[in-house]
Amino acid sequence: MRDAPSNAKVLLLAICVLLSCFSVSANAQSTTAIIGRDSVTVVPGPDYAAGSFHRTLLGDNYRDVWTSSIKVPVLDLKRFAGGLTPTKLGGGQQTMSLRFAAPDSSEWVFRSVHKGSNVLSKEFKHTVASYVVENYGSASHPTGNLPSAVFMRAAGLLHPTPRLAIMPDDPSLEKYRKEFAGMLGTIEEYPSVPKQGVAFADAKEIIDAEDLLKKIDKDPKDRIDDRAFLTAVLMDLFLGDNDRHPDQWKWAQLGGEKSDWEPIARDRDHVFVSYGGMIGSLARLVMPSLVSFDGDYSSPTAVLANALDFDRRMLSGLNRAVWDSV
C-alpha cells in the first residue's frame, strides 16, 4: 500500500492532466487607469480571476482581493525622499525590484506586488505545471507586507516600512522605464549604511546573514540579540510568513564595536500566505510549507521550513523560560 506522499503525487498528476483540458494562458499582470496623476485606480491581479471549477482545485485564496479595484498613489520620483535616482535591478525568483538612491545617500527599493515565477526551469514554460505554480500567486495577499510593519513596530523590532504605490511613466527611470512604468508595487527603505549620509535606523554597520555567520564563527564576542530574533521568528509564525530564509534578514549593529547584532526582517511578501483548494491540500502532504492561514497556527516546522537550520543555530542559547516569556 502506498504512503500518503506517494498517493498525493499520483492525485496531483491526475489533477494536472485534468487541468490540461483547459486554457493555461494568463492575462496581463495588472490593469491600471490613467498614469500620471496623484493617484490611479488599479486591479492588482486580474489574471487570478477564476470560476468555481478552478477555485475548487486551486483555492479561493485571495482572488477576491487581487481582482478588486483599489486607489493607489503615484510615486513622485522627484519629491519622494528628496528625489529618487534608479541605480540597479534586484529581485529573486518571483519579485521584480528596482533600487534607488536618495540625495542623503539612503537607499530605497521598489518591489512588484504581482509576482512572476522562475521557480520552474524554462522547459516548463506554457505548461500546466507552470500555470499551477503561477496561479498559486493568488495564495499571497497583495498587500500583506503593509500590516506586517505595524506588528513589527508593536514588538519593538527593526523593520522597513513599505508603502503602496504605482511607478509613474517617468523619463527619469531611464533604461528601466519600459519594464517598470505603470507597475503596482511597494517602496521601502533598503537597510544600509552609506559611506556618507543617513544610515538605516542610525546603525553603525549593517550586514547580511552570510557575513554574520562568518563573524560569529571567527570571534565569539560577535553575538546577536537572540531574544529580539526569537521575537521576530515567533512573529513570522503568528503572521503565517513561510518565506523567512537567511537572505530575508539584515543585521544591524546600533552601538559600538562588538555590540549585539539586531535582526532586520525584510521582504515580507508571504505574510498571511494561504494555499487553498484540492491541489493545495494534496500538495501539503508532500510540501508542508504550503501552509494555509486561518484560526489555528500552522506547524512551526512547516511555516519556517526554509529557515530551520539558521534559526536553530541562532536560537540554541535560549532556555525555555525565555521562549515562554517572549
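Every heavy atom of this structure was used, including side-chain atoms; hydrogens, water molecules and symmetry mates were not. These figures come from a predicted structure and were not determined experimentally.
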With a 4.5 Å heavy-atom cut-off, do [X] and [Y] have their side chains touching?
| X | Y | value |
| --- | --- | --- |
| Tyr136 | Leu290 | no |
| Tyr190 | Pro160 | no |
| Pro86 | Phe100 | yes |
| Ile207 | Lys215 | yes |
| Asp208 | Lys250 | yes |

Can a donor-acceptor pair be found, under 3.5 Å and without considering hydrogens, that links the side chain of [X] to the backbone of [Y]?
| X | Y | answer |
| --- | --- | --- |
| Asn319 | Val322 | yes |
| Ser192 | Pro194 | no |
| Ser105 | Gln196 | yes |
| Ser292 | Gly276 | no |

query = Partners of Phe272 by ring pair (Phe, Tyr, Trp, His ring centres under 6.0 Å), sequence neighbours excluded?
reply = Phe293
message = Can you list everything that forms a ring pair (Phe, Tyr, Trp, His ring centres under 6.0 Å) with Trp261? Sequence neighbours excluded, please.
response =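 Listed in chain order: nothing, the list is empty.
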Kindly give the heavy-atom pair with the smallest separation between [X] and [Y], and that separation in Å.
| X | Y | value |
| --- | --- | --- |
| Ala102 | Ala81 | CB-O, 3.5 Å |
| Ala252 | Ile264 | CB-CD1, 3.7 Å |
| Asn61 | Ser274 | OD1-O, 3.2 Å |
| Ser112 | Met183 | CB-SD, 3.5 Å |
| Pro263 | Leu158 | O-CB, 3.6 Å |
| Ser97 | Val109 | CB-CG2, 3.9 Å |

inquiry  = Check this for me, if you would: do Asp170 and Arg177 make a salt bridge, where the nitrogen-to-carboxylate-oxygen distance has to be below 4.0 angstrom?
reply    =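 Looking at Arg177 together with Asp170, the answer is no, because their closest N to O distance does not fall below 4.0 Å.
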Does anything in [range] form a salt bridge (charged side-chain N to carboxylate O under 4.0 Å, His left out)? List the pairs, not counting sequence neighbours.
| range | result |
| --- | --- |
| residues 140-158 | none |
| residues 259-276 | Arg111-Asp267, Arg111-Asp269, Lys115-Asp269, Asp236-Arg268, Asp241-Arg268 |
| residues 188-207 | none |

Side chain to side chain contact (heavy atoms under 4.5 Å, CB included) evaluation trace for Met167 with Leu77 = CA-CA 9 Å; Met167 184 66 72; Leu77 294 175; 4.1 Å; yes
Residues 226-235, side-chain donor-acceptor partners within the protein, below 3.5 Å, at least two apart:
residue : atom : partner : partner atom : Å
Arg227  : NH2  : Ser325  : OG           : 2.7
Thr231  : OG1  : Arg227  : O            : 2.9

Could you state whether [X] and [Y] fall into the same hydrophobic cluster, counting links through intermediate Ile, Leu, Val, Met, Phe, Trp or Tyr residues with side-chain heavy atoms under 4.5 angstrom apart?
| X | Y | answer |
| --- | --- | --- |
| Val198 | Leu84 | no |
| Val150 | Val273 | no |
| Trp108 | Leu98 | yes |
| Phe200 | Val193 | yes |
| Val132 | Tyr48 | yes |

Could you tell me the separation between the [atom1] atom of [X] and the [atom2] atom of [Y], rounded to the nearest 0.5 Å?
| X | Y | atom1 | atom2 | answer |
| --- | --- | --- | --- | --- |
| Thr41 | Ile166 | OG1 | CD1 | 9.5 Å |
| Ser68 | Tyr62 | OG | OH | 14.0 Å |
| Asp211 | Ile216 | CG | CD1 | 11.0 Å |
| Ile279 | Thr56 | CD1 | OG1 | 11.0 Å |
| Glu134 | Asp47 | CD | CG | 8.5 Å |
| Arg55 | Ser138 | CZ | OG | 9.0 Å |

Could you tell me which residues satisfy side-chain contact (heavy atoms from CB on, under 4.5 Å) with [X], sequence neighbours excluded, listed by chain and number?
| X | value |
| --- | --- |
| Pro300 | Leu237 |
| Ile70 | Val42, Pro44, Val72, Leu164 |
| Ser52 | none |

task = Begin from the C-alpha positions of Arg63 and Asn135 and carry the test side chain to side chain contact (heavy atoms under 4.5 Å, CB included) through to its verdict.
result = CA-CA 10 Å; Arg63 297 180 193 279; Asn135 195 271; 2.6 Å; yes
query = Is it the case that more than 12 heavy atoms not belonging to Arg284 sit under 6.0 Å from its CZ atom?
reply = yes
request  = Mind telling me whether Phe110 and Phe180 have parallel, tilted or perpendicular rings, with 30° and 60° as the class edges?
outcome  = perpendicular
request  = I would like to know whether Val271 and Asn145 meet side chain to side chain contact (heavy atoms under 4.5 Å, CB included); could you show each step before the answer?
outcome  = CA-CA 6 Å; Val271 168; Asn145 61 339; 5.6 Å; no
Contacts of Trp66 that satisfy side chain to side chain donor-acceptor pair (under 3.5 Å) - sequence neighbours left out = none
query = How would you list, by chain and number, every residue that makes a side chain to side chain donor-acceptor pair (under 3.5 Å) with Asp219, sequence neighbours excluded?
reply =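 Listed in chain order: Lys258.
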For residues 301-314, which side-chain donor-acceptor pairs fall under 3.5 Å, sequence neighbours excluded?
residue : atom : partner : partner atom : Å
Thr301  : OG1  : Ser299  : OG           : 2.9
Asn306  : ND2  : Asp243  : OD1          : 3.3
Arg313  : NH2  : Asp217  : OD1          : 2.6

